[in-house]
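Accompanying notes for the structure given below.
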Protein chains: 2
Amino acid sequence: MTAKNIRARVRDELTSEIKAIARRQLATEGANLSLRAVARELGMVSSAVYRYFPSRDDLLTALIIDCYDELGTAAETAEAAVDRADLLGRWLAAGHGIRDWALANPAEYALIYGSPVPGYKAPETTIGPAARTTDLILTLLADGVATGALTTGGAEPAAVAGHGSPLPVDLAAELDRIAALACPTVPRELLARGITAWIQLFGVVTFELFGRFQNMIEDSRRSFFDHQLRVMARHIGL
Amino acid sequence: MTAKNIRARVRDELTSEIKAIARRQLATEGANLSLRAVARELGMVSSAVYRYFPSRDDLLTALIIDCYDELGTAAETAEAAVDRADLLGRWLAAGHGIRDWALANPAEYALIYGSPVPGYKAPETTIGPAARTTDLILTLLADGVATGALTTGGAEPAAVAGHGSPLPVDLAAELDRIAALACPTVPRELLARGITAWIQLFGVVTFELFGRFQNMIEDSRRSFFDHQLRVMARHIGL
DNA sequence: ACAAAACGAGAGCACTGCTCTTGACAGTTT
DNA sequence: AAACTGTCAAGAGCAGTGCTCTCGTTTTGT
């Protein structure tokens, strides 16, 4: 009885320890981390690790899920600290939360937002944790619509007027489909702008982490990111 | 004399063939392509390949340079086909040129714009070819300024008015520094908007290629990309 | 108390990047 | 024409990889 719990607990501990070591090696080795090296650092033999993760890809999947969850909670907690009515503040907090986590965990960010691993196919279990950041933004939009702060029809805020190019018909249809099952209250024009902002947010972080800003933006990266967030906030109408 | 040229030519041909095979394997194996597999497919022994590329990283560097150059020419030729006075058309052509090349060569795009290879440090020789796409955009901005079509001071185009958030001082200083040595005629506000558009352009392509649009934008990806290009064109003031 | 499940260790297979050595040519010089 | 020099492909070998299988041992459930 209790022995069973001991066994299970040891197993959980070892599983966590394997993941922790793998995370640490991820920083230096990148996506092609070595299962054997993990085992070596753990004082085990490589074949023993296979008792805990049936393959290297399964270890990678576990790490990916953990990273998505960490990033999600980082963004959520940062955003939750802001007054609900302050949509701009919530957007800025979520954005900086994402960037801060990415800067603190560059290898992990590269793992989940970098180039897909050739043979690796992300299983279904990753899409839930992966959607947390986007859900956060969608909720932001929905809240804005609910309170009337955000709108694209009728009387538009001055900052938004004229921003939008007309949506192509096929894109409009697809946006309606997305909105129907993800955020029914958000009109398609607003959703389109939200997606633009979403891409820009992660685009800036990705460029910064992948060295695209070298010899360009060096000393004002945080300011630059903040500026981009505000440009996008204006675009959305926050 | 001529025999020496023969020798050199054979060497060049084999070098090209190695790169060609490596490019083909890149599509299936990703960044961790196998030098031995390339040699095998070539009917050579792995050690022989080292006569042509002193290490695997050097092969990778050669591929990266080739890809940057291909992408650069793709963007340049697409943009060159448009009337010089049609700034919006030039922007759209360059953008679609980049996306089309990326869609046709997804593995190559991932190689140059994906997560950096862990141990790999891009040598100086890559920055020249890498800058071709950004130079194209900067030239676009400079042309717009030269003809008076683009401006951010004084009388702004209606579509641009109110778009900009004020630039933080440190960012403004850095933008001035960039402009001074890359595009002296472009005012910093316009440069900032150009960078925003630049990031958005590659952000959309990256998201599309890395599977970020799955279960979202499926059937209207080209329309979506075109829409994003136009939104950014408005943001710049094209 | 006994069978079943879980576990760590080790050997082994096919693969990788890379180094070193060997032997066969080609081009140049004497 | 002979000797020399540099280039080349081939092979063996080293250390590392993911993964599978087998073998005793330990722990668990009945």
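Side chains included, hydrogens not; waters and symmetry mates left out as well; all remaining heavy atoms used. Letters go in sequence order (proteins before strands), and every chain restarts at 1.
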Contact state string [nucleotides 11-21 of chain D, B base, S sugar-phosphate only, - no protein heavy atom under 4.0 Å] | B-B---BBBBB

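- Within the nucleic acid shown, B:Leu14 comes within 4.0 Å of sugar-phosphate atoms alone, with no base atom in reach, counting heavy atoms only.
- Rounded to whole Å, atom P of C:dC7 lies 14 Å from atom CG of A:Leu42.
- Rounding to whole angstrom units, CG of residue B:Leu59 and P of C:dC18 are separated by 10 Å.
- If you take CD of B:Glu41 and C1' of C:dC15, they are 17 Å apart, rounded to a whole angstrom.
- Atom CZ in B:Arg51 sits roughly 11 Å away from atom C1' in C:dC20 (whole-Å rounding).
- When B:Leu140, B:Leu136, B:Leu141 are each tested for a side-chain contact (heavy atoms from CB on, under 4.5 Å) with B:Trp91, only one passes: B:Leu140.
- A parallel orientation is assigned to the rings of A:Tyr113 and B:Phe207, their planes being inclined by less than 30° (bins at 30° and 60°).
- Taking the ring centre of A:Phe202 as origin, the terminal cationic atom of A:Arg99 falls outside the region bounded by 6.0 Å and 45° from the ring axis.
- Using a 4.0 Å heavy-atom distance criterion, A:Tyr52 is classed as a sugar-phosphate-only contact.
- What separates CG of B:Asp58 from C1' of C:dC18 is a distance of 13 Å, to the nearest Å.
- Per the geometry, CD belonging to A:Glu17 stands 12 Å off P belonging to C:dG8, to the nearest Å.
- By the salt bridge (charged side-chain N to carboxylate O under 4.0 Å, His left out) test, A:Asp58 pairs with no residue at all, sequence neighbours left out.
- A side-chain donor-acceptor contact under 3.5 Å links B:Thr196 to the backbone of B:Ala192.
- A straight line from CZ of B:Phe53 to P of C:dT16 spans 18 Å, rounded to a whole angstrom.
- Look at CG on B:Asn32: it is 9 Å from P on C:dG17, rounded to the nearest Å.
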Go through the steps to decide whether A:Thr61 and A:Tyr120 satisfy the test side-chain hydrogen bond (donor to acceptor under 3.5 Å, both in side chains), and finish with yes or no.
-> CA-CA 9 Å; A:Thr61 299; A:Tyr120 179 78; 2.5 Å; yes

